[in-house]
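Shown next, in structure tokens, is the structure this report addresses.
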There are 2 protein chains.
Amino acid sequence: MSTGTTLANIRNLLHQSGFKLTPQREATVLVLLENEKDHLSAEEIYMLVKKKSPEIGLATVYRTLEMLTELKVVDKVSFNDGLSRYDVRKEGAKHFHHHLLCLECGSIEEVEDDLLGDVELIVEKKYHFLVKDHRLTFHGICSKCQLKKKEQAVLDKEAAATTLP
Amino acid sequence: MSTGTTLANIRNLLHQSGFKLTPQREATVLVLLENEKDHLSAEEIYMLVKKKSPEIGLATVYRTLEMLTELKVVDKVSFNDGLSRYDVRKEGAKHFHHHLLCLECGSIEEVEDDLLGDVELIVEKKYHFLVKDHRLTFHGICSKCQLKKKEQAVLDKEAAATTLP
DNA sequence: TTTATATTAATAATCATTATAAATTAAAAA
DNA sequence: TTTTTAATTTATAATGATTATTAATATAAA
Ligand SMILES: [Mn+2]
Ligand SMILES: [Mn+2]
Ligand SMILES: [Zn+2]
Ligand SMILES: [Zn+2]
């Protein structure tokens with residue numbers, strides 16, 4: 001059902017680049033693939049990998065993530081919360097997807113649409129900058145939190161109506 | 001000559017929010033204004049502030065930066081180099097400007113153009129996400145480094161022509 | 001002036017990440 | 001197969017950025 005990145009693909013990519021897919025690396029890759037919608041930190045990945053391979057070391061996870069970032073299997077992203085998070089790059093997608101970060105609940109939604117084509121052209125023409133990649137995150141309020149706020153506003157109004165005559 | 005943020009503006013803003021502009025805070029704000037094109041880290045700001053007020057403490061700089069971020073006087077940004085950088089928000093500009101990060105030389109160029117209007121509309125319509133702010137950074141090769149690369153390619157070709165007959 | 005509050009400096013503590021060194025594993029050579 | 005070499009890993013120490021703590025100082029209120 002998925003056109004996405006598979007373990008076999010990644011194994012080939014590593015071999016082509018002169019690396020081997022050790023059991024530790026395989027366990028790390030599997031955790032990433034099993035959670036591809038998430039944006040896990042190194043520590044979170046480490047905890048999940050330990051369930052499969054309890055003997056793995058944190059430094060190995062960091063080294064593996066660095067390698068996977070180098071090979072563009074994952075993208076390292078930062079949402080201004082003081083640590084790096086890792087995002088599996090979709091196999092088909094030429095461009096990196098975008099993010100919607102909710103300022104209320106902290107949720108992160110993914111946007112796969114290719115929205116920056118025109119913008120990149122402007123940047124290349126006007127600034128003579130050769131674009132290779134991008135990072136785009138919108139900060140705002142997710143639909144759930146907008147609803148919650150509306151409901152709260154209704155409750156507040158009712159409460160005001162009963163206390164003040 | 002500048003429609004930008006001034007010390008007086010910031011003093012007012014602090015007072016409105018119930019803070020005072022202490023000498024330490026003033027020194028920190030001045031350093032930020034004197035380097036508004038840069039993207040200084042807390043440590044770099046601390047070093048510059050120490051020239052004006054050698055007795056200032058690093059924690060005070062951090063606290064001041066946190067306050068200024070809260071008041072939207074500065075934006076806290078991260079370029080995946082492991083630390084936070086601070087960017088003075090232009091007074092007039094409603095939207096946060098964009099960045100061009102060169103993967104060769106590490107330089108950061110600013111893009112003031114409002115490029116995301118249409119994109120934000122799509123996000124609001126399709127994802128029902130209420131956009132408040134954004135972060136957009138392009139990764140690529142700056143014009144200088146493109147030139148350097150071209151020149152190097154010419155030199156390489158010449159060298160190959162003289163060694164191999 | 002006395003008292004309360006805000007702010008600061010100095011420093012310790014924490015958290016994420018990287019470096020180091022010894023041990024283990026896998027590949028290559030003999 | 002044994003020996004040697006290189007790659008990889010684990011455990012742990014070190015580092016670097018940021019945050020928390022605490023006692024001192026400055027400012028405002030009573
Ligand atoms: Mn993502
Ligand atoms: Mn900037
Ligand atoms: Zn939300
Ligand atoms: Zn460059």
Side-chain angles (χ1 to χ4, degrees), chain A residues 10-11 13-31 39-71 73-87, chain B residues 10-11 13-32 39-71 73-87 106:
Chain A
I10 294 175
R11 178 184 287 115
L13 186 57
L14 288 203
H15 286 164
Q16 282 164 30
S17 312
F19 300 109
K20 14 191 157 159
L21 189 64
T22 64
Q24 292 89 341
R25 287 171 183 171
E26 178 168 326
T28 305
V29 166
L30 282 176
V31 162
H39 301 87
L40 302 173
S41 67
E43 192 81 31
E44 287 166 349
I45 293 165
Y46 171 61
M47 289 308 182
L48 291 170
V49 173
K50 282 232 300 205
K51 290 186 189 168
K52 291 180 202 290
S53 323
E55 74 296 341
I56 200 170
L58 176 59
T60 301
V61 171
Y62 268 101
R63 255 180 285 113
T64 302
L65 289 171
E66 196 188 351
M67 168 190 293
L68 294 173
T69 303
E70 208 64 45
L71 296 175
V73 171
V74 300
D75 284 294
K76 192 175 175 180
V77 284
S78 164
F79 293 106
N80 283 359
D81 58 351
L83 43 73
S84 293
R85 299 184 173 276
Y86 297 85
D87 211 343
Chain B
I10 295 176
R11 177 183 288 115
L13 186 58
L14 288 203
H15 285 165
Q16 283 164 29
S17 311
F19 300 109
K20 13 190 157 158
L21 188 64
T22 64
Q24 292 89 339
R25 287 172 183 171
E26 178 167 327
T28 305
V29 166
L30 283 176
V31 162
L32 286 167
H39 301 87
L40 301 173
S41 67
E43 191 82 33
E44 287 167 349
I45 293 165
Y46 171 60
M47 289 307 181
L48 290 170
V49 173
K50 282 232 302 205
K51 290 185 190 170
K52 290 181 202 288
S53 323
E55 74 296 340
I56 200 170
L58 176 58
T60 301
V61 171
Y62 269 101
R63 256 180 284 115
T64 302
L65 289 171
E66 196 188 351
M67 166 190 294
L68 294 174
T69 303
E70 208 65 43
L71 296 176
V73 171
V74 300
D75 284 295
K76 192 174 175 181
V77 285
S78 163
F79 294 106
N80 282 358
D81 59 350
L83 43 73
S84 293
R85 298 183 173 278
Y86 297 85
D87 212 343

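Residue numbering restarts at 1 for every chain, and letters A, B, ... go by the order of the sequence lines.
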Among [options], which nucleotide has an atom closest to any side-chain atom of [X]?
X: A/Thr60; options: D/dT8, D/dT18, D/dT10; value: D/dT10
X: B/Ala42; options: D/dT18, D/dA28, C/dT17; value: D/dT18
X: B/Ala59; options: D/dT12, C/dT17, C/dT11; value: C/dT11
X: A/Thr22; options: D/dT10, D/dT8, D/dT18; value: D/dT8
X: A/Gln24; options: D/dA20, D/dT10, C/dT7; value: D/dT10

Exercise for the section: Any chance you could measure A/Leu48, atom CG, to A/Thr28, atom OG1, to the nearest 0.5 Å? Expected result: 10.5 Å

Practice task
Output the distance between atom CG (B/Leu21) and atom OG1 (B/Thr64), rounded to the nearest 0.5 Å.
Solution key: 9.5 Å

Distance check needed: [N] [atom2] versus [X] [atom1], whole Å only.
X: A/Glu26; N: C/dA26; atom1: CD; atom2: P; value: 13 Å
X: A/Asp81; N: C/dC15; atom1: CG; atom2: C1'; value: 12 Å
X: B/Arg25; N: D/dT25; atom1: CZ; atom2: C1'; value: 14 Å
X: A/Ile45; N: C/dA16; atom1: CD1; atom2: P; value: 13 Å
X: B/Leu65; N: D/dA17; atom1: CG; atom2: P; value: 14 Å
X: B/Leu58; N: D/dT19; atom1: CG; atom2: P; value: 11 Å
X: B/Leu83; N: C/dA16; atom1: CG; atom2: P; value: 16 Å
X: B/Glu44; N: D/dT18; atom1: CD; atom2: P; value: 11 Å

Exercise for the section: Determine, step by step, whether A/Leu58 and A/Glu43 satisfy the side-chain contact (heavy atoms from CB on, under 4.5 Å) criterion, reporting the C-alpha distance in whole Å, the side-chain angles of both residues, the deciding distance to 0.1 Å, and the verdict. Expected result: CA-CA 8 Å; A/Leu58 176 59; A/Glu43 192 81 31; 4.1 Å; yes

Problem - For DNA chain C, the residues among residues 46-57 of chain A that have a non-hydrogen atom under 4.0 Å from it - result: none

Practice task
Check whether any side-chain heavy atom of A/Lys20 sits under 4.5 Å from a side-chain heavy atom of A/Leu14, and report yes or no.
Solution key: no

Exercise for the section: Identify the two heavy atoms, one from B/Leu65 and one from B/Val74, that lie closest to each other, and give their separation to 0.1 Å. Expected result: O-CG2, 4.1 Å

Handout entry: B/Tyr62 side chain near D/dT19 phosphate (N/O to OP1/OP2, under 4.0 Å)
Key = no

Completion exercise
Residues at least two apart in sequence or cross-chain that pass side-chain contact (heavy atoms from CB on, under 4.5 Å) with B/Thr22, listed by chain then number, are B/Gln24, B/Arg25

Practice task
Could you tell me whether B/Arg63 contacts a base, only the sugar-phosphate backbone, or nothing, with contacts defined as non-hydrogen atoms closer than 4.0 Å?
Solution key: base

Exercise for the section: Answer with base, sugar-phosphate or nothing: what part of the nucleic acid does B/Ser41 contact at a heavy-atom distance below 4.0 Å? Expected result: nothing

Problem - B/Glu66 bridged to B/Lys76 by N-O distance under 4.0 Å - result: no

